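Working notes, structure below.
All values derive from a computational prediction rather than experimental measurement. Quick note on labels: first sequence line is chain A, next is B, and so on, each numbered from 1.
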There are 2 protein chains.
Amino acid sequence: MPDKNIARYFQLFNEIGIIDQLARALFEARLPDGILVSHFAILNHLVRVRDGQTPLALARAFQTPKTTVTHTISVLVRYGFVDLRPNPKDGRSKCVFITDAGRSFRDEAIAALAPDLAEIAAVFPPGTVEPLIDGLEALRVWMDARRDRE
Amino acid sequence: MPDKNIARYFQLFNEIGIIDQLARALFEARLPDGILVSHFAILNHLVRVRDGQTPLALARAFQTPKTTVTHTISVLVRYGFVDLRPNPKDGRSKCVFITDAGRSFRDEAIAALAPDLAEIAAVFPPGTVEPLIDGLEALRVWMDARRDRE
DNA sequence: TGATATTGATACGATATCGTACTATATAGT
DNA sequence: ACTATATAGTACGATATCGTATCAATATCA
C-alpha cells in the first residue's frame, strides 16, 4: 500500500499549493497596488478573531516567523491601518489595534473579491464545496495541533 | 443567498492558504538547509512531467512570474541539479534538463517526507482524502482555465 | 524583403520572507 | 533579593519573489 498512496497525499498538498498560488494571484489583482495578501490577512484576522493581539500571537496564528510579522505590521502602521501600542500587562510586548481606515479597507477588499467568489460559487455550488471545506478544516486543525507537538 | 455563502468560499481559500503554509514549513524542515520548496518543486516537475522544458513553460506551470523562474533555475544550476542548454528550435529560448544529482536529490527529498505523509495517511485514510483530492483537482483545473481567459 | 509587433530570457530595483543575534523585560529557582 | 533562564520584539543581513525595462530572436504582414 505505501508508495502509491504516499504519492496521492503528495498530490493532495500539490493541489493545495497550486490553488493557493492561483487564489493569491487573483486576490492581489483585486487589491490596490502594493498591498499584498499578507497585509490583508493580518487586518482580516484582527477583525475576525479579535483586536489588540500581540505580534507574537499573530505570528503563531499565521505559522510565520515573528520577524515577518514585525515587518508586515510596520507596513500596516505606515498605511495607517493599524495602531501599535504598548501592552499594559507586559513591558516587553505590544498590542496591535485596527484603525477605522484599516477596517474600511478590509471591507472594501472583501467587496472587491466578491464577484470572483460568486463566479466560483456558480460553478461549484455550496453542496459541492461544503464537504471540501469540512475536510480541509479537519486536516488544518490536525496539522496545526501536530505542529505544536514537534 | 450571497453574503453568507460568499464568506464560505472565502473560508475555503483561507483553509487552503493555512494548510499550504503548514505543509511548506513541514516540508522545508525535512529539506537540507537553504533548499526551499520552490527549488524542489521545479525538480519534481521536471521528473514528473518532463525534462527539457523552457523556463517560460515552468513559469506558466507554477503560476509564477518568469523572472522568479530565472532566479530559481540559477540556484538549481549552482547546486548542479539542472543543466540549462540553448533551445535548438528557438534562439531566444533555453531548455532545462535535470541532472543525475538533481534526480537523486529529488528522490531523497520525497523519501524524507514519506514518514510525515504516512502519519497523515494514518489519521486521514485514503477513503477520506480521495474525494478531497478530486474536489481540489476540479477546482484547480477550473481556476487554471479561468486565469487564461482573463 | 523590410518594418513592426511579439516573444523568451535576463538585468535591475523594490519589497517580502526568513534566520541569527541582540536588547529589554519577565519568570524561576535558590 | 539574586542569579539564571525564558520570552517579546526588533535590527540586520541573506535570499526569494515580483514588477519594469531591456535585449535578442522570432513572427507577422504589408
Separation of atom [atom1] in [X] from atom [atom2] in [N], rounded to whole Å:
X	N	atom1	atom2	answer
A:Leu56	D:dA6	CG	P	16 Å
B:Ile42	D:dT17	CD1	C1'	13 Å
A:Ile73	C:dC18	CD1	P	15 Å
B:Leu36	D:dT15	CG	P	11 Å
B:Gln63	D:dG19	CD	P	13 Å
A:Arg60	D:dT7	CZ	C1'	9 Å
A:Lys89	D:dA8	NZ	P	16 Å

Mind checking A:Asn87 for me? I need base, sugar-phosphate or nothing, with any heavy atom below 4.0 Å counting as a touch.
nothing
When we call it a touch if two heavy atoms are under 4.0 Å apart, what does A:Val75 touch: a base, just sugar-phosphate, or nothing?
sugar-phosphate
Indicate yes or no for a side-chain donor-acceptor contact from A:Gln21 to the backbone of B:Gln63 under 3.5 Å, with no hydrogens or angles considered.
yes
Under 3.5 Å: donor-acceptor pair, side chain of B:Tyr9, backbone of A:Phe124:
yes
Between A:Phe81 and A:His39 (judged by ring centroids, cut-off 6.0 Å), do the two rings come close enough to count as a pair?
no
Go through [options] for me and flag the one nearest to the [X] side chain.
X	options	answer
A:His71	D:dG9, C:dG8, C:dT17	C:dT17
B:Thr64	D:dC18, D:dA11, D:dA8	D:dC18
B:Arg92	D:dA24, D:dA11, D:dT20	D:dA24
B:Pro65	D:dG9, C:dT17, D:dC18	D:dC18
B:Thr68	C:dA16, C:dA26, D:dC18	D:dC18

Between B:Arg24 and A:Lys94, which residue's closest nucleotide on DNA chain D lies nearer the 5′ terminus?
A:Lys94
Report the residue (A:Asp33 or A:Thr54) whose heavy-atom-nearest nucleotide on DNA chain D is the more 5′ of the two.
A:Thr54
Ignoring backbone atoms, establish whether [X] has a side-chain N or O less than 4.0 Å from OP1 or OP2 of [N].
X	N	value
B:Ser38	D:dA16	no
A:Thr67	C:dC18	no
B:Ser93	C:dA9	yes

Measure distances between side-chain N and O atoms of B:Lys66 and base N and O atoms of C:dA9, and say whether any donor-acceptor pair falls under 3.5 Å.
yes
